[in-house]
Amino acid sequence: MSTRQARVWVGIDAGKGHHWAVAVDSDGETLFSTKVINDEAQILTLIETARERAGEVRWAVDISGRASTLLLALLVAHGQQVVYVPGRTVNRMSGAYRGEGKTDARDARVIADQARMRPKGFASLDTPPEMVTTLRVLTNYRADLIADRVRLINRLRDLLVGICPALERAFDYSAAKGPVVMLTEYQTPAALRRIGVKRLTTWLERRKVRGADTVAAKAVEAAQSQQIALPGEKRAAKLVCDLAHQLLALDERIKDSDREIRETFRTDERAEIIESMPGMGPILGAEFVAIVGDLSGYRDAGSLASHAGLAPVARDSGRRTGNYHRPKRYNRRLRHVFYLAAQTAMMRPGPSRDYYLRKRSEGLLHTQALLSLARRRVDVLWAMLRDKRLFTPAPPVTQAA
């Protein structure tokens with residue numbers, strides 16, 4: 001019978017269908033290594049097995065997303081301490097172990113060892129509030145819908161080039177709904193020439209297309225520039241019609257998703273504060289809350305900026321000092337939120353635009369000035385949430401003690 005240890009570290013290489021768990025003692029010796037199906041009963045059995053081996057069990061996982069939701073929920077519900085060991089760390093530290101093979105068991109061993117050797121080097125994990133979890137689901141779903149929309153538009157434009165290149169160039173199908181509505185019925189130059197500008201305008205107006213006369217004129221003009229029918233035109237036209245219908249339906253789904261995100265986000269007590277900041281609308285605000293949660297994982301504004309990749313990293317060596325570079329380890333989505341918010345705020349009169357113009361006058365490029373503005377706005381947003389204060393163009397007056 002195995003002796004009971006004072007403390008055991010269990011590393012888990014998490015996956016969608018199953019996990020692999022490896023437990024090590026204080027000397028780094030493996031106590032057990034087992035495959036665990038992503039099922040409540042098997043995970044509970046794993047927890048009891050680890051508890052029988054030690055008085056205190058520390059858990060470490062390499063995935064904090066949907067694949068490990070059940071695992072983390074059960075661990076937290078049973079009062080277990082869990083830390084997150086990034087996959088990048090696991091990948092790099094695997095080279096320090098004997099052998100070159102890569103298996104789930106080996107990765108789980110590396111995760112457990114890293115948690116053992118660096119007790120304060122990794123962030124703790126906990127189950128997020130229901131509202132934050134809901135926002136994560138909704139914003140991830142919206143991101144998938146946007147990606148599907150981009151793919152549909154690219155396919156549509158590729159097919160239109162094979163029908164009429166002038167018609168493909170005439171419109172920005174990603175920004176205008178009218179041309180997409182037109183493509184549900186008229187896709188070829190011959191069809192557009194037959195209907196003409198006047199009748200096409202009437203047809204579009206019946207479908208409540210804004211600027212129907214402009215859309216009709218540009219479409220017929222593009223059709224008149226090409227008299228030849230290209231090979232495969234008929235079949236391509238049917239595919240364009242189908243894609244146009246899919247694109248319109250997808251736009252409605254995105255609108256419904258945006259409405260649900262807005263309603264959910266505005267139930268958060270911080271929503272009014274976040275939305276008061278120029279450029280931070282409900283969609284970007286929901287993305288921000290979904291990523292950062294309640295901000296308890298950040299010491300200060302600097303750590304939040306570092307997570308967003310807005311804090312430069314020093315690369316000094318020898319006599320070379322003050323050499324800063326863009327970081328490689330940061331949350332891309334969080335950086336995207338701050339970048340878009342800064343870009344939106346910069347386009348309107350106010351302190352954000354003034355700051356951007358000042359940076360441009362100092363010789364910074366457009367992207368550099370935007371990133372500098374985004375970094376500045378992280379400090380402002382942090383202070384607003386800390387003090388529970390709405391945004392004001394002028395800084396608050398601080399009274400002397």
Side-chain angles (χ1 to χ4, degrees), residues 66 136-262 281-284 286-287 332-333 336 340 343-344:
R66 305 296 297 177
R136 287 178 181 174
V137 173
L138 291 175
T139 53
N140 288 337
Y141 177 65
R142 183 182 186 274
D144 290 339
L145 292 180
I146 296 298
D148 291 340
R149 187 176 189 272
V150 172
R151 284 192 289 269
L152 281 177
I153 292 173
N154 288 340
R155 292 171 190 162
L156 185 144
R157 298 184 75 100
D158 182 63
L159 287 170
L160 275 179
V161 170
I163 299 175
C164 178
L167 185 60
E168 187 272 335
R169 293 193 304 267
F171 302 102
D172 182 3
Y173 296 96
S174 63
K177 180 180 177 181
V180 180
V181 173
M182 179 193 69
L183 291 178
T184 60
E185 187 67 26
Y186 304 100
Q187 307 89 20
T188 64
L192 289 169
R193 288 196 302 269
R194 279 196 303 268
I195 190 173
V197 175
K198 186 175 181 179
R199 286 195 297 162
L200 182 57
T201 300
T202 304
W203 187 87
L204 291 172
E205 287 176 345
R206 290 175 183 171
R207 286 150 183 81
K208 300 179 181 179
V209 171
R210 186 178 302 175
D213 54 344
T214 304
V215 174
K218 291 179 68 175
V220 174
E221 181 183 359
Q224 289 174 346
S225 67
Q226 178 179 319
Q227 302 298 320
I228 188 173
L230 300 182
E233 180 183 89
K234 291 183 179 180
R235 185 55 185 159
K238 291 181 180 179
L239 293 177
V240 168
C241 174
D242 182 52
L243 289 176
H245 281 291
Q246 291 184 46
L247 187 55
L248 293 174
L250 186 58
D251 285 342
E252 292 301 319
R253 291 170 62 188
I254 293 174
K255 287 181 180 178
D256 293 340
S257 176
D258 289 350
R259 181 171 58 253
E260 189 175 1
I261 289 174
R262 277 195 303 270
I283 303 300
L284 289 181
E287 287 265 9
R332 265 68 178 171
R333 291 182 65 183
H336 187 65
L340 283 184
Q343 188 174 40
T344 303

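Bear in mind that the values here come from a model prediction, so they are computed numbers and not experimental data.
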Worksheet entry | Residues Asp158, Arg155: salt bridge by 4.0 Å N-O rule | no
Practice prompt. Working to the nearest 0.5 Å, report the span between OG1 of Thr188 and CG of Leu160.
Written response: 10.5 Å
Practice prompt. Using atom types as modelled and distance alone, determine if a side-chain donor or acceptor of Glu168 lies under 3.5 Å from a backbone N or O of Gly162.
Written response: no
Worksheet item: Do Lys208 and Val181 have side-chain heavy atoms sitting under 4.5 Å apart?
Response: no
Item to complete: Return the minimal non-hydrogen interatomic distance between Leu156 and Val240, and the atom names on each side.
Response: CD1-O, 4.3 Å
Discussion item. Can you confirm whether Thr202 sits close enough to Arg206 that some side-chain heavy atom of one is under 4.5 Å from a side-chain heavy atom of the other?
Written reply: yes
Worksheet item: Are Arg207 and Trp203 in a cation-pi setup, meaning NZ or CZ lies under 6.0 angstrom from the ring centre and within 45 degrees of the ring axis?
Response: yes
Worksheet item: Can you tell if the side chain of Arg235 reaches within under 4.5 Å of the side chain of Leu239, non-hydrogen atoms only?
Response: yes
Discussion item. Checking Glu221 now: which residues fulfil side chain to side chain contact (heavy atoms under 4.5 Å, CB included) with it, not counting sequence neighbours?
Written reply: none
Worksheet item: Does Glu260 reach the side chain of Asp256, with side-chain heavy atoms less than 4.5 Å apart?
Response: no
Worksheet entry | Heavy-atom closest pair, residues Gln224 and Gln227 | O-NE2, 3.0 Å
Fill in: Val180 and Asp251, any side-chain heavy atoms less than 4.5 Å apart
no
Response to the item:
Only residue of Leu247, Val215, Leu248 satisfying side-chain contact (heavy atoms from CB on, under 4.5 Å) with Lys177 is Leu248
Worksheet item: So do Glu233 and Cys164 actually touch side chain to side chain, heavy atoms under 4.5 Å?
Response: no
Worksheet entry | Interatomic distance, Gln246 atom CD to Arg149 atom CZ [nearest 0.5 angstrom] | 13.5 Å
Worksheet item: If you take all heavy atoms of Gly178 and Leu204, which pair is closest and at what distance?
Response: O-CD2, 4.3 Å
Practice prompt. Please assess Gln187 against Leu159 for the test side-chain contact (heavy atoms from CB on, under 4.5 Å), listing each intermediate value before the final yes or no.
Written response: CA-CA 10 Å; Gln187 307 89 20; Leu159 287 170; over 6 Å; no
Worksheet item: Just wondering, do Lys218 and Pro179 contact through their side chains at under 4.5 Å, heavy atoms?
Response: no
Response to the item:
Nearest heavy-atom approach of Asp148 to Leu250 is C-CD2, 3.8 Å
Worksheet item: Is the backbone N or O of Ala176 less than 3.5 Å from a side-chain atom of Arg210, with the two atoms forming a donor-acceptor pair by type?
Response: no
Worksheet item: Under the 3.5 angstrom rule, does the side chain of Ser257 hit a backbone N or O of Arg253 as a donor-acceptor pair?
Response: no
Item to complete: List the atom of Leu230, the atom of Ile163, and the distance in Å for their closest heavy-atom pair.
Response: CD1-O, 3.5 Å
Discussion item. Looking at every non-hydrogen atom in both residues, tell me the closest pair between Pro189 and Ala223 and how far apart they are.
Written reply: O-CB, 3.5 Å
Practice prompt. Given side-chain contact (heavy atoms from CB on, under 4.5 Å), test Ile283 with Arg142 step by step and report yes or no.
Written response: CA-CA 10 Å; Ile283 303 300; Arg142 183 182 186 274; 3.8 Å; yes
Discussion item. Could you walk me through whether Leu340 and His336 satisfy the side-chain contact (heavy atoms from CB on, under 4.5 Å) test, starting with their C-alpha distance in whole Å, then the side-chain angles of each, then the deciding distance to 0.1 Å, before giving a yes or no?
Written reply: CA-CA 6 Å; Leu340 283 184; His336 187 65; 3.1 Å; yes
